Chemist: 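Okay, here's the structure, questions in a sec.
Chain A is the first sequence line, chain B the second, and so forth, proteins listed ahead of strands; every chain is numbered from 1. The model shown is predicted, which means the values in this text are computed figures rather than measured ones.
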2 protein chains.
Amino acid sequence: MSEKRTFSISELSQEFDVTTRSIRFYEDQGLLKPNRRGQTRIFSTKDRVRLKLILRGKRMGFSLAETKELFDLWDETLTGNEKQLLKMLEILSARREQLEQQKEDIAMAEMEMDTAEARCREALTELQKKKEEQGLTTNTKETAVSK
Amino acid sequence: MSEKRTFSISELSQEFDVTTRSIRFYEDQGLLKPNRRGQTRIFSTKDRVRLKLILRGKRMGFSLAETKELFDLWDETLTGNEKQLLKMLEILSARREQLEQQKEDIAMAEMEMDTAEARCREALTELQKKKEEQGLTTNTKETAVSK
DNA sequence: AAAACACTTTACGTTTACGTAAACTTTAAC
DNA sequence: GTTAAAGTTTACGTAAACGTAAAGTGTTTT
């Protein structure tokens with residue numbers, strides 16, 4: 001079912017385009033807990049998923065601390081007493097609000113980019129016109145001279 | 001047309017829930033350019049819009065430097081030679097890609113939150129069942145004892 | 001005009017998220 | 001078996017985004 005592959009630090013580093021330094025840092029901060037063979041880190045598919053979540057979180061503007069909080073809470077939740085479960089539900093709902101906010105932000109940004117792009121294109125065609133006019137007059141001059 | 005109100009630093013601070021320190025910092029970094037009456041900063045509606053953009057940018061994971069770059073570029077663009085305009089169009093298109101990525105991220109996050117919430121609710125109802133069973137047995141015991 | 005209050009500059013401190021270098025060990029390749 | 005490649009720890013450095021304190025300058029309220 002859940003694949004049992006393992007990954008080296010450099011494999012993950014390449015796949016997700018992060019430095020090994022970053023990955024070790026994430027471990028240091030308690031976000032990843034790879035096994036070891038001797039000194040060497042052996043990452044499981046679970047670690048891989050977590051790394052993916054960390055990076056997505058970053059793209060979404062979450063700090064490592066926030067992401068870690070979520071991870072920890074989820075782990076606690078799985079052992080699950082009622083209080084933990086309810087807290088998790090609260091947090092999930094709070095996150096949903098954040099996501100809604102972000103969607104709004106994105107929609108606004110898209111609209112503004114539409115108008116910005118429109119203005120750019122207008123300005124460009126304006127410039128084109130002027131160029132053409134210029135081009136024509138120089139041409140007439142040249143032909144006039146060449147006669 | 002474009003309102004001619006002005007704002008004090010504390011007005012903006014309150015309206016957008018940022019510290020005055022942050023606002024001054026944004027000015028320091030060249031993101032805001034309020035007028036002065038003596039020493040005192042007088043913010044225009046344009047400044048207000050920019051502050052709004054800065055904060056939205058932050059929520060979307062943009063650094064102040066990135067936001068500043070956009071502001072500067074837009075200012076340059078308005079004076080508009082062709083090169084600037086084309087560069088702006090490129091940047092806009094790059095931003096759109098980023099936005100698409102973010103939308104994907106949000107969609108993924110929402111899906112995962114759905115399944116997470118479902119698991120939580122399952123676990124909760126499980127606990128409820130156990131409680132009810134417990135409740136029933138204790139009741140029978142109690143009634144048995146109280147007889 | 002004195003007190004209270006908002007605003008200012010200057011400057012050092014702090015946290016986050018790594019980069020970078022040094023010196024060492026383990027593993028893989030020849 | 002040694003050399004190269006990849007991995008490790010330790011530790012100091014850095015950029016971004018403010019926080020915070022100090023000390024001064026208006027301004028307005030009583």
Side-chain angles (χ1 to χ4, degrees), chain A residues 5-44 47-48 50-73 98 101-102 105, chain B residues 5-44 47-48 50-73 98 101-102 105:
Chain A
R5 272 204 59 189
T6 61
F7 307 86
S8 76
I9 195 167
S10 46
E11 276 175 321
L12 291 185
S13 157
Q14 283 170 34
E15 178 174 359
F16 294 111
D17 195 33
V18 289
T19 63
T20 58
R21 175 68 180 92
S22 297
I23 295 177
R24 293 198 193 95
F25 182 73
Y26 299 152
E27 179 185 2
D28 224 53
Q29 301 301 305
L31 287 146
L32 296 174
K33 283 159 193 168
N35 295 325
R36 300 283 178 131
R37 198 182 59 204
Q39 299 253 72
T40 311
R41 279 162 252 251
I42 309 276
F43 294 86
S44 67
D47 292 315
R48 210 185 80 134
R50 291 215 157 181
L51 180 52
K52 204 186 291 185
L53 289 176
I54 294 169
L55 298 177
R56 183 196 300 156
K58 295 204 69 186
R59 284 196 304 269
M60 296 174 66
F62 294 151
S63 72
L64 294 184
E66 284 174 307
T67 301
K68 177 181 160 53
E69 218 180 324
L70 258 188
F71 284 177
D72 290 351
L73 228 95
Q98 264 195 48
Q101 170 70 38
Q102 293 208 359
D105 287 339
Chain B
R5 273 203 60 189
T6 62
F7 309 85
S8 77
I9 194 168
S10 45
E11 276 175 321
L12 291 184
S13 158
Q14 282 169 36
E15 178 175 359
F16 294 112
D17 196 34
V18 290
T19 64
T20 58
R21 176 67 180 89
S22 297
I23 295 177
R24 293 198 193 94
F25 183 72
Y26 299 152
E27 180 185 0
D28 225 53
Q29 302 300 304
L31 286 147
L32 297 174
K33 282 159 195 168
N35 294 326
R36 300 284 177 130
R37 197 183 59 205
Q39 299 252 74
T40 312
R41 278 161 255 249
I42 310 276
F43 294 86
S44 68
D47 292 317
R48 211 186 80 133
R50 290 214 158 183
L51 179 54
K52 205 186 290 185
L53 290 175
I54 293 169
L55 298 177
R56 182 196 300 157
K58 294 205 69 187
R59 286 196 303 270
M60 297 175 65
F62 294 152
S63 74
L64 294 185
E66 285 174 307
T67 301
K68 177 181 160 55
E69 217 179 326
L70 258 188
F71 285 175
D72 290 352
L73 229 95
Q98 263 195 50
Q101 170 69 37
Q102 294 208 2
D105 288 338

Chemist: Considering residues at least two apart in sequence or located in another chain, which fulfil the side chain to side chain donor-acceptor pair (under 3.5 Å) criterion with Thr67(A)?
Modeler: none
Chemist: What residues in residues 57-69 of chain B put a non-hydrogen atom under 4.0 Å from any atom of DNA chain D?
Modeler: Lys58(B), Ser63(B), Leu64(B)
Chemist: If the condition is salt bridge (Lys or Arg N to Asp or Glu O under 4.0 Å), which residues does Arg36(A) pass it with, not counting sequence neighbours?
Modeler: Glu27(A)
Chemist: What residues form a side chain to side chain donor-acceptor pair (under 3.5 Å) with Ser44(A), not counting sequence neighbours?
Modeler: Asp47(A)
Chemist: Please identify each residue that fulfils salt bridge (Lys or Arg N to Asp or Glu O under 4.0 Å) with Glu69(B), with sequence neighbours left out.
Modeler: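 Testing Glu69(B) for salt bridge (Lys or Arg N to Asp or Glu O under 4.0 Å), a comparison that skips the adjacent residues, returns none.
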Chemist: Apply side chain to side chain donor-acceptor pair (under 3.5 Å) to Arg59(B) and list each qualifying residue two or more places apart in sequence or on a separate chain.
Modeler: Asp105(A)
Chemist: Do Phe71(B) and Leu53(B) come within less than 4.5 Å of each other through their side chains, counting heavy atoms only?
Modeler: yes
Chemist: Tell me whether the side-chain N/O atoms of Tyr26(B) come closer than 4.0 Å to OP1 or OP2 in dA17(D).
Modeler: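 Answer no for this pair, as no side-chain N or O of Tyr26(B) is under 4.0 Å from OP1 or OP2.
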Chemist: Between protein and nucleotides 19-30 of chain C, map the contacts as a letter string: B base, S sugar-phosphate only, - none, heavy atoms under 4.0 Å, written 5' to 3'.
Modeler: BB----------
Chemist: Can you check the Ile42(B) CD1 to dT8(C) C1' distance for me, whole Å?
Modeler: 13 Å
Chemist: Give the rounded distance in Å between these two atoms: CZ of Phe16(A) and C1' of dC18(C).
Modeler: 19 Å
Chemist: Apply salt bridge (Lys or Arg N to Asp or Glu O under 4.0 Å) to Glu15(A) and list each qualifying residue two or more places apart in sequence or on a separate chain.
Modeler: Arg48(A)
Chemist: Sequence neighbours left out, what passes side-chain contact (heavy atoms from CB on, under 4.5 Å) with Ser8(B)? Give chain and number order.
Modeler: Ser10(B), Glu11(B)
Chemist: Please name all residues satisfying salt bridge (Lys or Arg N to Asp or Glu O under 4.0 Å) with Arg50(B), sequence neighbours left out, ordered by chain then number.
Modeler: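 Scan of Arg50(B) (salt bridge (Lys or Arg N to Asp or Glu O under 4.0 Å), adjacent residues dropped) gives Asp75(B).
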Chemist: If you assign Phe25(B) and Arg41(A) each to the DNA chain D nucleotide with the nearest heavy atom, which residue ends up on the more 5' nucleotide?
Modeler: Arg41(A)
Chemist: From CG of Asp28(B) over to C1' of dA17(D), roughly how many Å is that when rounded to an integer?
Modeler: 12 Å
Chemist: For Asp17(A), look at atom CG and say whether over 12 heavy atoms of other residues, nucleotides or ligands are found less than 6.0 Å away.
Modeler: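 No.
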Chemist: Can you tell me the distance, in whole Å, between the CD atom of Gln29(A) and the P atom of dT16(C)?
Modeler: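 Taking atom P of dT16(C) as the reference, CD of Gln29(A) is at 8 Å.
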Chemist: Would you tabulate the pairs of protein nitrogen or oxygen atoms and nucleotide nitrogen or oxygen atoms of nucleotides 3-6 of chain C closer than 3.5 angstrom?
Modeler:
none

Chemist: Between P on dC18(D) and CG on Leu32(B), what's the gap in Å once rounded to a whole number?
Modeler: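 Computing the Leu32(B):CG to dC18(D):P distance gives 12 Å.
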Chemist: Apply side chain to side chain donor-acceptor pair (under 3.5 Å) to Thr19(A) and list each qualifying residue two or more places apart in sequence or on a separate chain.
Modeler: Ser22(A)
Chemist: Between Leu55(B) (CG) and dC18(D) (P), how many Å, whole number?
Modeler: 9 Å
